[in-house]
Amino acid sequence: MADNNGNKPQPIGLPRIGFYVCHCGSNIAGTIDVAEVAQFVAGLPGVVVSRDYKYMCSDPGQEMIAQDIKEHKLDRLVVAACSPNLHEETFRKAAAKGGLNSFLFQMVNIREHASWVHEDKKAATAKAKGLARAAVYRVRFHKPLEKQQVPVDPNVLVVGGGIAGIHAALTLANAGKKVTLVEREATIGGHMALFDKTFPTLDCAACILTPKMSAVKSHPNITLWTYSEVAKVDGYVGNYKVTVKRKPRYVKEDLCVGCMECIDACVFKEPKFTDQFNQGLGKRKPVYIDFPQATPKVVLIDPQSCIQLKTGKCKKSCAEACDRDAIDFTQKEETRELQVGAIVLATGFQAFDAKKEPRYGYGRYPGVYTALEIERLVNASGPTSGEVVLRDGRHPKSVGIIHCVGSRDAKTNKWCSRVCCMYSLKLAHLIQEHSGAEVYNFYIDMRAPGKAYEEFYDKLLSEGVHFIRGRVSEVTDWAMTPEEEGKLVLRVEDTLAGFVRRIPVDMVVLATGLEPKADAQEVRRRFNIGCGNEGFFQERHPKLAPVNTFTDGIFIAGACQAPRDIPDTVAQAGAAAAEALVLIDAGHVELEPNTSHVVEEECCGCKSCVPLCPYGAITFDEAKKKASINEVLCKGCGVCAAACPSGSIRQNLFEDEEIFSEIEGVLAK
Amino acid sequence: MPDKPKVAFYWCASCGGCEEAVVDLAEDILKVVEAVDIVLWPVAMDFKKTDVEARPDGSIAVAFINGAVRTSEQEEWARMLRRKAQVVVSFGACANLGGIPALANQFKKEDILKFVYEDCPGVDNPSRTRPQTSTVDEGRTVTLPEIRNMVRSLDQVIDVDYYLPGCPPTPKIIMAAVQAILAGKLPAKGTVLSPDIALCEECKRKDSKPADLSLTEFKRPHQIQIDPEKCLLAQGLVCMGPATRSGCEALCPSGNMPCTGCFGPSSRVKDQGAKFVSSVFSNIAPKEAADIDKVLDGIPDPIGTFYRYGLSKCILRRKIN
Amino acid sequence: MSKPMEQGAGAGFEPRIVAFFCNWCTYTAADLAGVSRLKYAPNVRVIRVMCSGRVDPQFVMEAFAKGADGVLLGGCHPGDCHYAEGNYKTLRRMRMLERMLKDMGIADGRFRLEWISGAEGDKVKSVVNDMVAKVRALGPLDLPGKFAEWDKEIEELEHQISAQPAKEAVHAR
């Protein structure tokens with residue numbers, strides 16, 4: 001028997017039970033004969049004191065309990081009143097005030113479950129008696145318990161350096177906490193760094209993002225680790241041990257000043273490798289920086305394309321050009337350990353792979369682009385300096401934007417990706433502005449729910465963009481008329497006009513939806529949180545706890561939880577930071593004691609319990625060949641206690657004897 | 001010179017396997033026979049009922065009673081031996097839990113008798129003759145014991161001091177119990193004389209059991225080629241091991257067959273079958289009722305499977321019919 | 001609902017139903033029913049557990065064995081369990097328990113598994129009323145009475161044998 005405190009257990013054979021039934025004014029006493037109940041209970045074995053009182057939860061009521069405990073040497077307490085969800089805590093404290101362990105107490109619900117729901121007074125009184133008897137039988141088996149307190153490490157880890165991670169990190173750092181921000185790419189900024197303008201204000205994305213990125217870099221409380229990934233997470237709320245792998249850039253981060261002389265000096269005179277940041281539309285050299293405002297402003301060398309790293313035989317003119325001696329071809333992957341109390345996951349999303357919609361011709365027709373590709377195209381610092389120009393050099397005179405690619409579709413992703421209508425409007429505006437082309441938007445519904453969103457749509461309507469309500473069935477280069485020669489034809493049912501149309505354009509833009517990152521399942525397992533059916537990270541409650549997860553101490557923010565726009569992402573990141581602050585500033589975590597534990601000498605090592613815990617609290621000790629429960633992780637559901645086939649797991653406050661005695665008590669005649 | 005302690009063996013609704021188990025002590029039986037005075041052993045020795053009745057109450061040191069209690073004769077013997085013996089050991093799964101005979105608790109006594117004496121293929125009884133508990137033949141009254149409506153474990157009829165589990169108990173635990181009795185070193189009254197920990201502890205296949213078992217179907221032993229090394233439950237067989245006491249050294253799994261639960265549950269469990277259900281079905285994969293039902297269809301006879309030996313001890317005791 | 005609880009077949013039989021409600025959903029819904037002053041049959045006695053997954057089939061059987069005419073198990077809707085997946089374990093176990101109860105002659109309808117969310121106070125009312133009506137129609141189960149009845153068959157012999165005089169040892173020691 002494992003008591004998680006130092007108190008001696010009370011002798012179970014000889015309880016001295018104090019029973020109190022509350023009138024609750026006339027809420028209970030108006031229907032239930034409380035005096036009769038008190039008299040009935042007085043006759044039960046072990047009951048030493050049995051009283052009825054007007055308002056048990058009042059100060060005098062609680063005082064009476066404390067008095068009686070001392071005077072009558074009570075070692076068990078039963079109160080029949082309202083719902084435990086209301087006053088269990090109150091009476092637990094009252095017991096403690098009287099010197100009795102808080103958990104040697106059982107509450108009986110005779111208000112919400114009896115006096116308020118039954119009209120028959122005799123029946124309600126009989127019910128109250130039965131429930132009271134059950135509690136009197138049960139409380140005999142209660143054992144003294146203590147709420148465990150676990151200290152919380154004040155440092156925080158933020159995973160993901162997009163706008164969500166950046167905002168969460170800044171909020172926490174400004175609150176005085178030490179934050180480590182880990183980002184997989186070589187620069188923070190996330191998807192927002194790709195955009196030219198943001199809806200609905202048409203703010204320049206870089207202008208609002210880069211100050212925040214810069215603030216992250218220079219904040220004394222933030223340690224920024226880019227080009228790094230979390231490899232392992234151990235521990236529990238308040239006490240996480242995180243292993244981070246830092247990938248080699250082959251450039252010393254603290255020496256590089258971002259002058260980019262090395263890039264000019266590279267033996268490759270012209271860039272010829274696919275530029276990931278520009279969505280494959282541009283080229284870069286083996287030594288590169290994602291974009292000029294990349295943070296940290298440090299170049300990196302790609303080992304797949306660098307001659308020195310591949311063959312060892314290069315002039316290394318980049319190293320020569322560097323007067324800071326920052327280039328280091330011998331750099332290796334580093335492993336770092338972190339101790340933190342809370343973790344905020346802001347790992348973002350990935351865009352739907354347009355190749356999964358072969359009828360739109362992405363990858364087949366060079367004139368078909370994804371939204372992210374267009375973002376780079378219209379961007380002044382993009383591969384074409386903002387010129388809207390096709391891959392073959394032509395300037396498109398007409399552009400078709402297809403909404404809901406990979407969204408609202410039973411065949412690909414069922415959900416609405418929330419931002420695509422708005423960004424499609426934005427891209428329509430920018431494309432028209434930059435190129436003067438005719439722009440057609442093909443939509444199912446126009447979703448503009450945010451602040452000033454509907455007004456933005458209105459603006460687009462007045463700018464001469466064509467809106468066609470219909471789902472494009474295919475993009476084809478097969479011309480049926482001379483006008484269609486050399487064009488991409490979109491076949492669509494115009495549902496408002498009522499007929500099928502063929503619209504020839506020069507360029508097609510696919511508004512690809514947002515989906516969970518490809519490795520979301522792997523990542524969520526690493527952090528011991530859940531994923532919903534769609535694959536996004538699972539929040540604790542969709543309305544009341546959208547940034548918490550089922551794992552205490554781990555919070556989620558941004559598109560990793562569900563598709564969302566920048567304003568909501570920033571709001572959510574602030575919320576996640578606040579929740580982390582709540583945890584840290586409390587300084588410690590108090591754990592409810594209704595946890596389960598394995599009685600080691602009884603456990604046969606059958607492992608039946610190990611897979612049952614969603615919190616990962618049950619592990620198998622390979623050395624002892626027995627199961628073991630981490631009571632700090634245990635949330636007290638009792639599933640394992642029910643499932644142990646030899647009865648070797650006990651759940652505090654819900655042990656088998658306690659429940660069996662309640663069953664006996666409600667049914668006794 | 002003090003008399004050797006007197007020992008009695010009796011069998012109620014029994015298959016004889018428990019007597020065999022005593023004989024299986026092999027050479028060790030000689031030590032036992034030397035140390036005690038066997039005063040009753042129907043399978044092997046010719047003592048009569050009157051011999052036992054004549055003995056003073058409490059004069060028998062230990063009575064080992066096996067078999068379930070189904071007839072009035074078995075009740076009579078059990079009660080009589082309770083008076084004559086100081087210590088009564090409930091011997092074997094039938095006495096402890098009801099055993100295989102207790103499966104009859106699924107049927108009405110009348111239905112069983114009708115099947116045995118009339119409906120069973122191969123029975124030729126056109127006059128529907130049934131045996132009677134009492135009949136007069138040539139002026140003499142001849143009686144047969146009454147078959148009760150319910151099969152009971154021994155402790156549902158008399159007060160039992162100790163339990164030796166198993167179908168049958170293994171020679172090892174029998175020997176240990178006998179030695180403890182002879183040395184006077186017995187644990188608290190009511191103890192089951194076998195470790196109070198489940199079978200997986202002793203099973204050689206334990207290490208091969210995955211810690212993330214998620215079963216998608218159940219199979220019966222004749223339906224698959226049973227891997228001799230892997231955990232049987234992991235192979236989809238219903239192995240009662242996790243819900244069954246150890247002490248038998250996992251003989252059945254060593255013999256490439258799943259444990260069927262004959263040692264009964266641990267002391268912490270009221271109902272072995274119900275607890276096993278609570279456990280094994282927590283570890284199946286499906287979440288939808290229809291998919292769950294498909295998995296459950298792999299166990300066509302749940303009562304016979306989970307209560308193979310323990311139906312008398314099921315909380316519900318017998319089928320209501 | 002106007003008669004006090006009585007045991008006995010025929011007219012006036014009031015079913016006794018034991019309910020296991022999970023704290024987060026069903027118990028909260030029952031609280032909500034109370035706060036909303038909904039009225040329903042007084043035949044149910046609630047035993048609170050933190051999760052429906054704590055409910056062991058042994059508890060259900062024990063409730064019947066101790067005299068319950070019906071057993072109701074209330075948990076969160078699948079997918080909404082406060083503890084992520086506890087209710088799936090409940091569902092899996094109880095689907096098998098239902099088969100076993102049937103094989104043991106316990107009529108369909110005496111054991112009932114319901115998913116009731118914390119907002120469904122009215123569902124508590126309708127489920128309880130419906131179950132009480134159905135179990136009333138099935139009549140009393142009264143397992144304690146049946147156990148006593150079944151055990152009568154061994155009483156006579158027990159009295160006979162215990163009435164026999166004690167047999168003392170012939171020579172005192």
Inset, instruction - May I ask you to test the B:Asp293-C:Arg95 pair for a side-chain heavy-atom distance under 4.5 Å? - result: yes
Legend entry - Side-chain heavy-atom pair B:Phe306, C:Met96 within 4.5 angstrom cut-off: yes
Inset, instruction - Verify salt bridge (charged side-chain N to carboxylate O under 4.0 Å, His left out) between B:Glu53 and C:Lys167, making sure each step is shown before the conclusion. - result: CA-CA 9 Å; B:Glu53 275 173 339; C:Lys167 208 152 181 73; over 6 Å; no
Counting heavy-atom pairs closer than 4.5 Å to chain C, which one of [options] comes out on top?
options                               : value
B:Val69, B:Leu296, B:Asp301           : B:Leu296
B:Glu288, B:Arg82, B:Arg55            : B:Arg55
B:Gln156, B:Glu146, B:Lys84, B:Arg317 : B:Arg317

Answer with side chain, backbone, both or neither: which region of [X] has an atom nearer than 4.5 Å to a non-hydrogen atom of chain B?
X        : value
C:Ser162 : backbone
C:Leu143 : side chain
C:Pro144 : neither
C:Glu158 : both
C:Arg99  : side chain

Considering only heavy atoms and a distance below 4.5 Å, find which of [options] pairs most often with chain B.
options                              : value
C:Glu153, C:Glu156, C:Met61, C:Arg93 : C:Glu153
C:Pro78, C:Pro165, C:Ala65           : C:Pro165
C:Lys89, C:Met100, C:Met104          : C:Met104

Inset, instruction - With a 4.5 Å heavy-atom cut-off (strictly below), which parts of residues 53-60 of chain C touch chain B? List them by number. - result: C:Asp56, C:Pro57, C:Gln58
Inset, instruction - Sort by residue number and list every member of residues 105-119 of chain C having a non-hydrogen atom under 4.5 Å from chain B. - result: C:Gly105, C:Ile106
Return the minimal non-hydrogen interatomic distance between [X] and [Y], and the atom names on each side.
X        : Y        : result
B:Asp57  : C:Ala166 : OD2-CA, 3.4 Å
B:Leu316 : C:Trp150 : O-CZ3, 4.2 Å
C:Leu91  : B:Lys287 : CD2-O, 3.5 Å

Inset, instruction - Output the distance between atom NZ (C:Lys102) and atom NZ (B:Lys319), rounded to the nearest 0.5 Å. - result: 9.0 Å
Distance-only, no hydrogens or angles: does the [X] side chain make a donor-acceptor pair with backbone N or O of [Y] under 3.5 Å?
X        : Y        : answer
C:Glu62  : B:Ile315 : no
C:Arg92  : B:Asn283 : no
B:Arg148 : C:Asp151 : no
B:Arg83  : C:Gln164 : yes

For [X], is it the side chain, the backbone, both, or neither that has a heavy atom closer than 4.5 Å to a heavy atom of chain C?
X        : value
B:Leu311 : side chain
B:Asp291 : neither
B:Ala285 : backbone
B:Ser282 : both

Legend entry - Inter-chain contacts: residues 269-279 of chain B against chain C, heavy atoms under 4.5 Å: B:Val269, B:Lys270, B:Asp271, B:Ala274, B:Lys275, B:Val277, B:Ser278
Inset, instruction - Spell out the residues in residues 95-112 of chain B that have some non-hydrogen atom less than 4.5 Å away from a non-hydrogen atom of chain C, in order of number; otherwise answer 'none'. - result: none
